[in-house]
Trainee: 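Quick one: structure below, then a few questions.
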Amino acid sequence: MAVERYNPRTTEPKWQKTWADASVFATRNDDTRPKYYVLEMFPYPSGRIHMGHVRNYTMGDVVARYKRAKGFAVLHPMGWDAFGLPAENAAIEKKVHPAKWTYENIAYMRGQLKAMGLSLDWDREIATCHPGYYRHQQAMFVDMFDAGLAYRRTSKVNWDPVDMTVLANEQVIDGRGWRSGALVEQKELVQWNFRITAFSDELLKALDGLDRWPDKVRLMQRNWIGKSEGLEVRFELATPGPQGEKTVKVFTTRPDTLFGASFVALSPDHPLARSLGETNADLAAFQEKCRRMGTSVAVLETAEKEGFDTGLRVKHPFIPGKTVPLWVANFILMDYGTGAIFGCPAHDQRDLDFARKYGLEVTPVVLPKGADAASFTVDDVAFVDDGSIFNSDFLDGLDVDTAFDTVAKRLEGTIVDGAPQGERKVNFRLRDWLISRQRYWGCPIPVVHCDDCGTVPVPKDQLPVLLPDDASFDKPGNPLDHHPTWKHVACPKCGKPARRETDTMDTFVDSSWYFARFTDPWNTEGPTTRAVADRWLPVDQYIGGIEHAILHLLYSRFFTRAMKATGHVGLDEPFAGLFTQGMVVHETYKGPDGHWVSPADIVIDETDAGRTARMKDGSGAVAIGSIEKMSKSKKNTVDPSDIIATWGADTARWFVLSDSPPDRDVIWTEAGVEGAHRFVQRVWRLVGDAVELIGGAGTGDRSAAALALAKATHKTVAAVEDDIEKLGFNRAVARLYEFANAIGRVLAGPDAVRADASLAAAVEEAADALVRMIAPMMPHLAEECWTALGRTGLVADAAWPSVDRALVVDDTVTLPVQVNGKKRAELTIARDADEAAVREATLALEAVAAALGGNPPKKVIVVPGRIVNVVA
RNA sequence: GCGGACGUGGCGAAACCGGUAGACGCAGCGGGCUUAAAACCCGCAUCCUUCGGGAGUAGGGGUUCGAGUCCCCUCGUCCGCACCA
């Protein structure tokens, strides 16, 4: 028997055409079967797909094809997150219009995705930069404006004074603009925001119901929202501030430590700090220095803690005559709480670092359990846990919670400057969502500014507000702002000359509702068609990178609520199931000249002595570096198109599913790909070999060999099904390898199969099941095998094999037998044997008897179906 | 700095609820087939060992009849931090 090698290069395009011609994966909105919506995070059209996309879309495709086989009406669409910075950078650097650049990238990447053989409904394809998409986004912005969910306020941005442009945080490198190298300044602009904080509590509470989300993502979102219950305390200034300020309001979650307060600190942008700065040149210089740090929280908080003593003092609320100094400090954020804190160094690490640096008092007021009040001191490590309060007058002896309440009650009842000195307050870390971007390639914010009428939303019948095609990118600043005519319009209300808003929306807005648009992308009247959206949503399984754990997912959760409030959808939570997949990583290599070199240019030699590498062109030895995220700068990328051209899409798909658990990083290796390809050929050979032996009528009782194979088949189907349901693709792959080995062992003896009709029938069943099971993972190979087996139709339309439960469970089990927790023997016994029988059989074992040495066991622990442990 | 995760053979991993650590794959080694090579097939493979056994899941401690799994501490790596997507 000679089976030709399987040739993916001819086979894969053939089946892709077959699927496309028959519209196999086009989903009808009137399909009445139970629905299943599987979605992968749509790509940014950067130019070419990368291995991360291959992994992400393969996983989604396995789920989509599996659910189709299980009888669901599957919605599995694809689109493009098409607005964004790189298109504008390309316009500046390569003089190509962002639209042209973007649409060309989309065309190329669409071809790459199609070559992967994904079961996508391409009829629903959308691009967020298309007016047919963003017009609806503008309409929803107007709805949200009317509902009070969109508003303007002043916020800080990173300003590049040379390029005269706003910089993204990633464009600020060591405090300087990435292109100009100029020191970045903080600048205040009036900008548009979405009122996500209106939903703070709800977004927090609803996390509990998202039981098909990873716990880590829910925890990260919980911490991000950051609900904390505390107290606002107004400290009285010992002498009034320059504007006559009498008090400073701080927010604290630890009022119990008030007696340990040794300073009060203001954000450099706190109104009182500002007014003090007006008359104090040194303070103004300090504030100026703080403003040169950019706006990134990570930078602000990792910077060396610095402060400035204003010279003013505030009165301690409880200790008559005591005052503490008022500082301005660089690590106090104006956006959180009241922009001011009181510092209790003994019980807060950051305050302690600050106090040690500036020689401020450190008074411990919470005593750890068992510590001695007379000798307890705090040196370099703050004590932040619970304990009993001391050094604190009327709080002494109380625990932290009780002291909190006592302080709160006392301050609520104290009147300072005409108001209670303390007020209980629930504070959130979550800030409103700043959506204004001073950029061209984004969705224009549909608003007109009129001197008489103020801020006027563009009426819906005048939407979309289109981007002008003829923008110029060679001048610094926002192309929309310096466009000669675009922003000059008549006020929609009074008709007088007015100005368009020139800010565009954050691209996170685009990706906050695309999943809803996919349900009816053909609707020209509105963003969604309610009945259709309500049928398909929520997304049953959403798959994407962990890097989106907070922002994209939280914004989408908010936007869905906003869409509900404005009547566009009928649900709160867009994603019922979430899976976050790991990255594709690769070894790095440095060539003889010390520069990074591409894996495509080297050869790896593996021997007993280890792995070495050299240049393919013979130019010298290559140093093998660490395994890192694929990146252009380190040249450790692999182009999916090259892989598909060389090995075929099925090989690439199989590899990214096989090697690592899907939520962990997978290391791309050439050897691993070769292994995956060997399996492709192996399946093809197995099916070819099986075809020669099957087709007879397998009737009557099964032989022992046939029963064994049938059991292997049904156990494998049950296990693979379970694995795919849990997205454990690497486990499913391992089981399919084992199953192929089992089939291979039977096919190695073809004469035995020919002599045993029941075995031939079992082989046919096994081959049939194997093909159906690999179909979601290697769809082209599966179709080819399906045809070879003589099946009609497409395996893409075939059902998932059903499991005969009677063949999955065995009559006997083999239990490990431990003595004192160490394995000493095995016991094979009837599966339904009761505990007494297991105990008796265990004690009769030679190894157990020897270990006991004639003494009775102290204890025998029998865990049914699992283990026996004898305690001697 | 804050928040979140991860760490198991030469390598990627498996072990689902606290119950046989290392399934499956990669690389390696030995053998078969072959004039030869590739492909393919079979086998060996955590470490130490006096061959009885002992040690072992980043390191240290704890709970338990039993810990890779639970708890505490330490170390290392990775992700996010609000204008990259």
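Please read these numbers as outputs of a predicted model, since none were measured by experiment. Computed from heavy atoms alone, side chains included, the values below leave out hydrogens, waters and symmetry copies. Below, read A as the first sequence line, B as the second, and so on, with proteins coming before strands; counting in each chain starts at 1.
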Trainee: Could you tell me whether A/Ser511 contacts a base, only the sugar-phosphate backbone, or nothing, with contacts defined as non-hydrogen atoms closer than 4.0 Å?
Mentor: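 Nothing: the residue A/Ser511, judged by heavy atoms under 4.0 Å, touches no strand.
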Trainee: So which protein nitrogen or oxygen atoms get under 3.5 Å of nucleotides 72-78 of chain B's nitrogens or oxygens?
Mentor:
none

Trainee: Of the non-hydrogen atoms in A/Val217 and A/Ala549, which two are nearest, and what is the gap between them?
Mentor: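 It is CG1-O, 3.5 Å.
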Trainee: Which part of the nucleic acid does A/Lys216 contact within heavy-atom distance under 4.0 Å: base, sugar-phosphate only, or nothing?
Mentor: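 Answer is sugar-phosphate: A/Lys216 comes under 4.0 Å of backbone atoms only.
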Trainee: Expressed as a whole number of Å, how far does the C1' atom of B/U57 sit from that of B/A36?
Mentor: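 It works out to 45 Å between them.
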Trainee: Just label B/G60 as syn or anti from its O4'-C1'-N9-C4 or O4'-C1'-N1-C2 angle, using within 90° of 0 for syn.
Mentor: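 What B/G60 shows is an anti base, its glycosidic angle lying more than 90° from 0.
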Trainee: Touch check for A/Trp224, heavy atoms < 4.0 angstrom, all strands: base, sugar-phosphate only, or nothing?
Mentor: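 Since a base atom lies under 4.0 Å of A/Trp224, the category is base.
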Trainee: Rounded to the nearest Å, what distance is computed from the CZ atom of residue A/Phe655 to the P atom of nucleotide B/A27?
Mentor: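 A/Phe655 atom CZ is separated from B/A27 atom P by 11 Å.
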Trainee: So for A/Gln438 and B/C83, does any side-chain atom that can act as donor or acceptor lie under 3.5 Å from a complementary atom in the base?
Mentor: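 Indeed there is one.
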Trainee: Categorize A/Arg218 for me: base, sugar-phosphate, or nothing, with a 4.0 angstrom heavy-atom threshold over every strand shown.
Mentor: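 It contacts nothing in the nucleic acid.
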Trainee: Between A/Asn741 and A/Val166, which is nearer to the 5' end of RNA chain B once each is assigned its nearest nucleotide?
Mentor: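 First, find each residue's nearest nucleotide; the 5'-ward one identifies A/Asn741.
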Trainee: Between B/G18 and B/C70, how far is it from one P atom to the other, in whole Å?
Mentor: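 The same atom, P, in both gives a distance of 8 Å.
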Trainee: Does A/Glu826 reach a base, just sugar-phosphate, or nothing at all? Heavy atoms under 4.0 Å.
Mentor: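 Here A/Glu826 touches the bases of the nucleic acid.
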Trainee: B/C26 base to A/Glu670 side chain: any donor-acceptor pair below 3.5 Å?
Mentor: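 Checked by distance alone, the answer is no.
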Trainee: Taking A/Arg179 first and then A/Glu93, would you say they form a salt bridge - that is, a charged N and a carboxylate O separated by under 4.0 Å?
Mentor: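 Looking at A/Glu93 together with A/Arg179, the answer is yes, because their closest N to O distance falls below 4.0 Å.
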Trainee: Distance between the P atoms of B/A23 and B/U46, in whole angstroms?
Mentor: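 Nearest-Å result for B/A23 against B/U46 at atom P: 8 Å.
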Trainee: Just the atom pairs and distances: protein N or O near nucleotides 39-47 of chain B's N or O, under 3.5 Å.
Mentor:
unit_1, atom_1, unit_2, atom_2, d
B/C41, OP1, A/Arg682, NE, 3.2

Trainee: Atom pairs, N/O to N/O, protein against nucleotides 63-65 of chain B, distance under 3.5 Å?
Mentor:
unit_1, atom_1, unit_2, atom_2, d
B/C65, O2', A/Asn869, ND2, 3.4
B/C65, O2, A/Asn869, ND2, 2.4

Trainee: Show me the side-chain donor-acceptor pairs of residues 812-823 of chain A shorter than 3.5 Å, one per line, residues at least two apart or across chains.
Mentor:
unit_1, atom_1, unit_2, atom_2, d
A/Thr814, OG1, A/Thr828, OG1, 3.1
A/Asn820, OD1, A/Ala872, N, 3.0
A/Lys823, NZ, A/Glu826, OE2, 3.3

Trainee: Just the dot-bracket of RNA chain B, please: which string comes out with Watson-Crick or G-U pairs under 3.5 Å, [ ] for crossing, | for another strand?
Mentor: (((((((..(((......[....))).(((((.......))))).(((....)))..(((((..]....))))))))))))....
Trainee: Once you apply a heavy-atom cut-off of 4.0 Å, does A/Pro661 come out as touching a base, just sugar-phosphate, or nothing?
Mentor: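 Answer is sugar-phosphate: A/Pro661 comes under 4.0 Å of backbone atoms only.
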Trainee: Please report the distance separating the C1' of B/G43 from the corresponding atom of B/C33, rounded so that it comes out in whole Å.
Mentor: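 These two C1' atoms come out 15 Å apart once rounded.
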Trainee: Would B/C16 be called syn or anti here, given the cut-off of 90° from 0?
Mentor: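 What B/C16 shows is an anti base, its glycosidic angle lying more than 90° from 0.
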Trainee: What's the separation between atom CZ in A/Arg437 and atom CG in A/Asn478, rounded to the nearest 0.5 Å?
Mentor: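 The CG atom of A/Asn478 is 12.5 Å from CZ of A/Arg437, to the nearest 0.5 Å.
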Trainee: Name the orientation of the base relative to the sugar in B/G56: syn if the glycosidic angle is within 90° of 0, else anti.
Mentor: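 What B/G56 shows is an anti base, its glycosidic angle lying more than 90° from 0.
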Trainee: Of A/Asn89, A/Thr504, A/Thr102, which is the lone residue that meets side-chain hydrogen bond (donor to acceptor under 3.5 Å, both in side chains) with A/Trp441?
Mentor: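 Running side-chain hydrogen bond (donor to acceptor under 3.5 Å, both in side chains) over A/Asn89, A/Thr504, A/Thr102 with A/Trp441 returns exactly one hit, A/Thr102.
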Trainee: Do A/Phe42 and A/Phe515 have ring centroids that are under 6.0 Å from one another?
Mentor: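 Ring centroids of A/Phe515 and A/Phe42 are no less than 6.0 Å from each other.
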Trainee: For A/Val157, report the nucleic acid contact type (base, sugar-phosphate, nothing); a contact means any heavy atom under 4.0 Å.
Mentor: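 Base, at least one base heavy atom under 4.0 Å.
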Trainee: Identify, residue by residue, the members of residues 82-91 of chain A with a heavy atom below 4.0 Å from RNA chain B, and return them in order of residue number, or none.
Mentor: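 The answer is A/Gly84, A/Leu85.
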Trainee: Let me know which of A/Trp513, A/Phe508, A/Trp224 forms a ring-ring contact (aromatic ring centres under 6.0 Å, His included) with A/Tyr555.
Mentor: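 One option only clears the test, and that one is A/Phe508.
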